[in-house]
Amino acid sequence: MTTRFHIDAQADYVLRIAHRDDPVRAVIELVWNGLDAEANTVTVAVESDGLDGVARVVIEDDGHGVPPELVGTHFGRLGGSWKKTAKLSPNTQRRLNGRDGQGRIRGFALGENIKWTTTAVDTPGDLKRTVVAGSVSDPGRARRATPLLQGRAQLRRLA
């Protein structure tokens, strides 16, 4: 008889793959995530703390986002990325950079608390914004806020 069990990534492992000693690489990885989501524009803003340090890093893109019904699956899994087999983005057929299913974890190299905000069209066709938050003190446990309605989706042609 075979018994299945869940393999649970512990905090030390999650932080090790985050490469906390390399915040520049984290920014690069998160920019690539936006480009893999078919973004035409990705911006990076670095806010100073006034003491020659960094208070906040904000990376924004206009990519397609993650639909609310897939946030738990996409953020709750390490590895097994759809990008590994897809090779090209679904709409623009852009060559994908990601493939390991752990790029978002690199965000932990940027600070103690991180927040991903994603806006995407849900199954009924409504535009929803979902916020996922994580903390270095408990990197294996993310919190997701209830998706907020942003309005009826206006489908745009990607080209």
Side-chain angles (χ1 to χ4, degrees), residues 9 14-20 22-48 54-136 138-159:
V14 173
L15 293 177
R16 186 168 57 247
I17 65 173
H19 300 282
R20 295 206 65 222
D22 194 355
V24 172
R25 183 72 191 144
V27 171
I28 292 167
E29 187 72 40
L30 295 169
V31 167
W32 271 115
N33 277 356
L35 295 172
D36 284 352
E38 303 180 315
N40 291 312
T41 304
V42 179
T43 60
V44 178
V46 179
E47 297 176 14
S48 172
V54 175
R56 186 174 174 200
V57 177
V58 178
I59 302 164
E60 295 180 316
D61 67 68
D62 61 354
H64 53 63
V66 179
E69 56 271 16
L70 297 178
V71 166
T73 302
H74 282 40
F75 281 86
R77 183 174 62 201
L78 284 174
S81 175
W82 64 273
K83 297 176 192 178
K84 189 168 196 137
T85 56
K87 307 291 186 209
L88 298 174
S89 66
N91 298 307
T92 61
Q93 299 295 294
R94 184 184 291 167
R95 187 171 161 259
L96 296 170
N97 181 67
R99 65 190 155 281
D100 295 329
Q102 56 186 331
R104 71 202 170 281
I105 299 301
R106 292 286 205 136
F108 286 115
L110 299 176
E112 295 296 314
N113 297 297
I114 56 176
K115 179 173 68 172
W116 299 272
T117 302
T118 182
T119 304
V121 178
D122 67 2
T123 302
D126 293 322
L127 193 60
K128 296 272 181 87
R129 176 169 289 157
T130 307
V131 177
V132 177
S135 172
V136 166
D138 193 4
R141 188 178 314 267
R143 296 170 309 283
R144 177 180 65 179
T146 303
L148 299 174
L149 181 65
Q150 298 297 301
R152 224 27 218 164
Q154 298 295 315
L155 298 178
R156 64 180 168 114
R157 185 161 188 232
L158 297 172

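Residue numbers run from 1 in the order of the sequence given.
- Annotation: side-chain contact (heavy atoms from CB on, under 4.5 Å) contacts of Glu69 (sequence neighbours excluded): Pro67, Asp122, Thr123.
- Not one N or O on the side chain of Ser48 forms a donor-acceptor pair closer than 3.5 Å with the backbone of Val54.
- Every salt bridge (Lys or Arg N to Asp or Glu O under 4.0 Å) that Arg141 has, sequence neighbours left out, goes to Asp138.
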Give the C-alpha distance, both sets of side-chain angles, the deciding distance and a yes or no for side-chain contact (heavy atoms from CB on, under 4.5 Å) between Asn97 and Leu35.
CA-CA 8 Å; Asn97 181 67; Leu35 295 172; over 6 Å; no
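- Asp100 contributes no side-chain N or O that, together with a main-chain N or O of Gln102, makes up a donor-acceptor pair within less than 3.5 Å.
- Listed by chain and residue number, Glu47 satisfy the salt bridge (Lys or Arg N to Asp or Glu O under 4.0 Å) test with Arg56 (two or more places apart in sequence, or in another chain).
- Within the structure, salt bridge (Lys or Arg N to Asp or Glu O under 4.0 Å) pairs that include any residue of residues 78-96 comprise Asp36-Lys83 (at least two apart or interchain).
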Validation: residues 107-114 side-chain donor-acceptor distances under 3.5 Å, sequence neighbours left out:
| from | atom 1 | to | atom 2 | distance (Å) |
| --- | --- | --- | --- | --- |
| Glu112 | OE2 | Arg20 | NH2 | 3.4 |
| Asn113 | OD1 | Ser135 | OG | 3.4 |

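- Judged as a side-chain contact (heavy atoms from CB on, under 4.5 Å), and not counting sequence neighbours, the contacts of Ala86 are Trp82, Leu96.
- Every side chain to side chain donor-acceptor pair (under 3.5 Å) that Ser89 has, sequence neighbours left out, goes to Glu38, Thr92.
- The salt bridge (Lys or Arg N to Asp or Glu O under 4.0 Å) contacts involving residues 23-35 comprise Arg25-Glu29, where partners must be two or more places apart or lie in separate chains.
- The main-chain N or O of Thr41 is found under 3.5 Å from a side-chain atom of Asp62 such that the two form a donor-acceptor pair.
- The side-chain contact (heavy atoms from CB on, under 4.5 Å) check on Thr73 picks up Arg77, with sequence neighbours excluded.
- Under the side chain to side chain donor-acceptor pair (under 3.5 Å) criterion, Arg129 pairs with Thr119, sequence neighbours left out.
- Residues Val132 and Thr118 are not in side-chain contact: their nearest non-hydrogen atoms beyond the backbone lie 4.5 Å or more apart.
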